[in-house]
Amino acid sequence: MGRYHIRVATGAWLFSGSRNRVRLWLVGAQGEAELEPQLRLARGEEEEFDLEIPEDLGPLQFVKLCKQHSLMDDAWFCDCITVQGPGASTEATFPCYRWVQGKGVLSLPEGTARLPEDNTLDVFQKHREKELKERQQIYRWATWKEGLPLTIAAVCKDDLPPNVRFHEEKRLDFECTLKARVVEMVLKRVYTLLSHWNRLEDFDQIFWGQKSPLAEKVHQCWQDDELFGYQFLNGANPMLLRRTTSLPTRLVLPSGTEELQAQLEKELQNGSLFEADFILLDGIPANVIRGEKQYLAAPLVMLKMEPNGKLLPLVIQIQPPNSSSPTPTLFLPSDPPLAWLLAKSWVRNADFQLHQLQYHLLNTHLVAEVIAVATMRCLPGLHPIYKLLVPHIRYTMEINTRARTQLISERGIFDQAVNTGGGGHVQLLRQAMAQLTYSSLCPPNDLAERGLLGIPGALYAHDALQLWKIIGRYVEGIVHLFYQRDDVVRGDPELQTWCQEITEVGLCKAQDRGFPVSFQSQDELCHFLTMCIFTCTAQHGAINQGQLDWYAWVPNAPCTMRMPPPTTKEDVTMATVMGSLPDIQQSCLQMTITWHLGRRQPDMVPLGHHKEKYFSGPKAKSVLRQFQTDLKNLENEITARNEQLDLPYEYLKPSHIENSVTI
């Protein structure tokens with residue numbers, strides 16, 4: 001005989017509550033008891049009740065629940081159930097955080113994280129095996145395009161499992177704000193119907209609506225060489241710049257450029273020469289938009305770092321040498337202003353392509369989706385690594401599925417407005433996939449390889465390294481609670497299967513590019529998990545948020561180019577510049593989409609501040625609290641630094657980083 005105090009928490013999302021009746025069972029080591037509570041499953045509320053149970057159930061292992069309905073299945077989102085048993089010093093927590101629907105019985109194990117057991121008779125081992133078998137039927141792999149990472153098997157968002165779908169507030173905000181921006185785009189188009197479009201100032205006609213202070217700064221200063229160079233360090237795409245160790249072989253310096261060659265050699269010797277090479281775009285077919293051919297280039301830009309930290313361009317080669325043009329034209333800051341401006345515009349257009357496709361879509365979104373699907377297929381809810389990772393895969397499968405049906409699909413946004421659309425974007429992704437290495441996803445390795453360590457003005461690099469260390473300490477704190485020795489890591493079959501599934505299945509046999517197929521030590525596991533969380537949070541934040549600031553003023557990052565690259569300098573006129581940049585319709589579409597995808601999300605969960613309590617033990621909770629403290633300290637450091645800067649770098653402020661890839 002004993003009294004049990006039970007609390008049932010319902011989610012706070014729209015439609016989380018239910019009018020259906022729910023039956024509960026408490027399952028202990030010594031028995032089971034069915035409860036008949038009269039629960040009011042109201043959104044955001046917690047029901048509490050006490051029950052006398054005649055028999056001793058022993059230590060609680062599971063709560064089973066079943067939702068019953070006669071006419072309508074009214075889905076219920078259950079957060080968690082907690083039970084205080086007779087004589088127990090602490091509550092037993094049974095995390096749920098999922099939709100309960102249909103008439104089946106759902107078993108929630110007690111929330112203490114557990115590694116797999118060799119004993120197949122163990123009740124928790126039986127539960128995790130059954131759970132994984134069911135999950136592997138629900139979360140299946142699919143090939144979106146050959147040669148690219150595998151994705152969740154879902155033709156459209158409605159095919160996704162309900163537990164990875166947007167909650168209703170997120171769905172409404174995503175769809176309604178997009179419709180509002182489309183209306184704004186139509187108004188801009190109508191407003192400019194009778195207007196001229198032959199001067200750079202004409203872009204002002206559509207540069208209204210919601211925009212950031214930095215976007216306004218870009219609008220004012222986008223033609224400055226200093227801002228052009230700054231973007232390679234701290235702009236929307238800080239991933240391409242590298243310190244030059246030898247002059248690129250593609251940089252052909254013809255006679256008459258001896259002064260330039262001497263300057264390049266001098267900067268090279270001083271360690272102050274940098275490059276951004278867009279050779280990945282060479283050979284990619286350009287789009288045809290509304291019957292009009294678009295154009296692509298594969299520029300190379302050489303830059304120098306001045307003693308004051310400013311990064312300034314020295315020379316731009318718009319296209320690499322080829323048989324018809326063995327000595328491509330080199331564009332210099334001393335050239336006629338419009339020729340130099342157009343050369344920089346070609347670089348910015350190329351950067352738009354690699355940023356959106358290689359570094360944003362592939363290296364964050366698609367990699368995060370592989371991590372998410374593999375986690376759901378290979379790690380049961382009781383596994384400590386599942387509990388560690390699940391907050392960082394929220395909404396990722398749906399936002400990626402929407403991207404495949406609306407953004408990069410046939411007749412999607414890329415086909416309508418971007419010069420890599422129409423199939424070139426898929427070819428570019430395949431070539432980028434061949435360059436996707438394990439080390440390129442790990443800032444300490446990537447930044448060292450690119451020669452960007454220790455540069456005072458490299459704010460992305462500085463903040464990324466700090467976040468990598470903080471996430472790494474958090475990961476180590478959790479891992480060491482459950483894996484005290486390397487042999488425990490090696491002996492975890494679920495963990496090893498998860499690793500293999502990511503590398504060999506999701507990333508299409510990526511072991512030849514450094515990705516592990518197994519973990520042999522605690523250090524290897526911690527490094528990989530740090531990469532996973534960093535990619536899904538900080539790296540996506542750094543790459544995604546800048547769209548709002550750097551792409552709103554279209555000439556700074558044109559989504560397409562409508563004329564061939566110039567081969568001479570003297571013939572470049574304002575008509576050439578305006579004829580090359582996106583037209584009104586393409587520009588309006590670029591502004592609409594980059595605002596929609598770059599804005600802060602209303603239901604944004606900052607890094608490390610998820611409300612779901614997947615870990616129930618005090619030690620794991622302490623590790624999470626320390627993680628939050630470390631993030632707060634970094635936030636204060638970045639805030640103090642930014643107060644001293646003309647251009648504050650905000651993208652890796654912890655409060656600005658979302659806890660998963662949700663947009």
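Note that the coordinates shown come from a computational prediction; the quantities given were computed from them, not determined experimentally.
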Phe331 side, atom CZ; Thr329 side, atom OG1 - distance, nearest 0.5 Å: 5.5 Å
Validation row: Gln547, Trp595 side chains within 4.5 angstrom (heavy atoms): no
Donor-acceptor pair, side chain of Asp415 and main chain of Gly422, under 3.5 angstrom: yes
Other residues, nucleotides, ligands: >12 heavy atoms within 6.0 Å of Glu201 CD: yes
Between Gln601 and Glu658, a side-chain donor and acceptor under 3.5 Å: no
Contact check, side chains of Cys532 and His392, non-hydrogen atoms, under 4.5 Å: no
Side-chain (Gln466) to main-chain (Ala461) donor-acceptor, under 3.5 angstrom: no
Donor-acceptor side-chain pairing of Glu275 and Thr244 below 3.5 angstrom: yes
Heavy-atom side-chain proximity of Leu330 to Ile316 below 4.5 angstrom: no
Criterion side-chain hydrogen bond (donor to acceptor under 3.5 Å, both in side chains) on Glu369 and Asn400, from CA distance to verdict: CA-CA 8 Å; Glu369 186 172 0; Asn400 282 10; 2.8 Å; yes
Closest non-hydrogen atom pair, Ser660 against Thr537: N-CG2, 4.3 Å
Any side-chain donor near an acceptor of the partner, Thr568 and Asp571, under 3.5 Å: yes
More than 12 heavy atoms from other groups under 6.0 Å of CD on Glu259: no
Beyond-backbone contact of Tyr551 with Arg348, side-chain heavy atoms, under 4.5 angstrom: yes
Lys/Arg-Asp/Glu bridge criterion (N-O < 4.0 Å) met for Glu650, Lys653: yes
Full working for side chain to side chain contact (heavy atoms under 4.5 Å, CB included) between Ile279 and Leu300: CA-CA 8 Å; Ile279 195 64; Leu300 167 70; over 6 Å; no
No-hydrogen, no-angle side-chain donor-acceptor test under 3.5 Å, Asn349 and Asn419: yes
Donor-acceptor side-chain pairing of Asp523 and Ser521 below 3.5 angstrom: no
Any side-chain donor near an acceptor of the partner, Thr560 and Gln586, under 3.5 Å: no
Within 6.0 angstrom of Lys266 NZ, more than 12 heavy atoms from elsewhere: no
Distance-minimising heavy-atom pair for Ala286 and Gln294: CB-O, 3.2 Å
Stepwise side chain to side chain contact (heavy atoms under 4.5 Å, CB included) test for Tyr460 and Phe232: CA-CA 10 Å; Tyr460 160 80; Phe232 289 105; over 6 Å; no
Rounded distance [0.5 Å steps], CG in Asn556 versus CG in Leu581: 11.0 Å
Note: Arg290-Asp583 ion pair, threshold 4.0 Å (strictly below): yes
Distance in Å, Arg600 CZ paired with Gln545 CD, rounded so as to fall on 0.5 Å steps: 8.0 Å
Phe414 CZ to Leu589 CG distance, which is reported to the nearest 0.5 Å: 10.5 Å
Any donor-acceptor pair under 3.5 Å from Thr257 side chain to Pro254 backbone: yes
Flag side-chain contact, heavy atom, 4.5 Å: Leu465 against Pro444: yes
Mutual orientation of the aromatic rings belonging to His365 and His540 [parallel < 30°, tilted 30-60°, perpendicular > 60°]: perpendicular
Which atom of Pro566 lies closest to which atom of Val572, heavy atoms considered: CB-CG2, 4.1 Å
Minimum side-chain heavy-atom gap Glu216-Trp553 below 4.5 Å: no
Closest approach of Ser345 to Pro555 (non-hydrogen atoms, all atoms of both residues): OG-O, 4.4 Å
Full working for ring pair (Phe, Tyr, Trp, His ring centres under 6.0 Å) between Phe203 and Trp197: CA-CA 8 Å; Phe203 280 95; Trp197 195 258; 4.6 Å; yes
Electrostatic pair Arg641:Glu643 at N-O distance under 4.0 angstrom: no
Non-hydrogen atoms of Ile284 and Leu296 that approach each other most closely: O-CD1, 3.6 Å
Heavy-atom donor-acceptor pair, Asn234 side chain to Gly457 backbone, under 3.5 Å: yes
Under 3.5 Å donor-acceptor, Arg242 side chain and Arg450 backbone: no
Stepwise side chain to side chain contact (heavy atoms under 4.5 Å, CB included) check, Ile502 with Leu507: CA-CA 6 Å; Ile502 288 175; Leu507 293 178; 4.1 Å; yes
Main-chain N/O of Arg562 paired to Ser580 side chain as donor or acceptor, under 3.5 Å: no
Lys344 with Asp351: basic N within carboxylate O range, under 4.0 Å: no
Donor + acceptor pair across side chains of Gln317, Arg250 (<3.5 Å): yes
Expected output: side-chain Asp446 to main-chain Cys442 donor-acceptor under 3.5 Å: no
Asp630 and Lys469 ion-paired at < 4.0 Å: no
Gln205 side chain to Asp202 backbone, donor-acceptor under 3.5 Å: yes
Minimum heavy-atom distance between Cys559 and Ala417, given as atom pair plus value: SG-O, 3.1 Å
Note: Lys310-Glu226 ion pair, threshold 4.0 Å (strictly below): yes
Non-hydrogen side-chain atoms of Leu281 and Gln353 separated by less than 4.5 Å: yes
Spacing of CD1 belonging to Ile657 relative to CD belonging to Gln539, to within rounding of 0.5 Å: 10.0 Å
Rounded distance [0.5 Å steps], CD in Glu267 versus CG in Leu303: 10.5 Å
Note, His355 side chain near Ile543 side chain (heavy atom, < 4.5 Å): yes
Flag for Thr503-Gln511: side-chain donor and acceptor within less than 3.5 Å: no
Lys217, NZ: over 12 other non-hydrogen atoms inside 6.0 angstrom: no
The single option from Phe534, Tyr438, Phe515 passing ring-ring contact (aromatic ring centres under 6.0 Å, His included) against His527: Tyr438
Any donor-acceptor N/O pair, Thr594 side chain to Leu548 backbone, under 3.5 Å: no
Flag, side chain of Ser440 to backbone of Leu436, donor-acceptor distance under 3.5 Å: no
Flag for Asn237-His360: side-chain donor and acceptor within less than 3.5 Å: no
Test ring pair (Phe, Tyr, Trp, His ring centres under 6.0 Å) applied to Tyr651 and His656, step by step: CA-CA 6 Å; Tyr651 306 140; His656 290 203; 8.4 Å; no
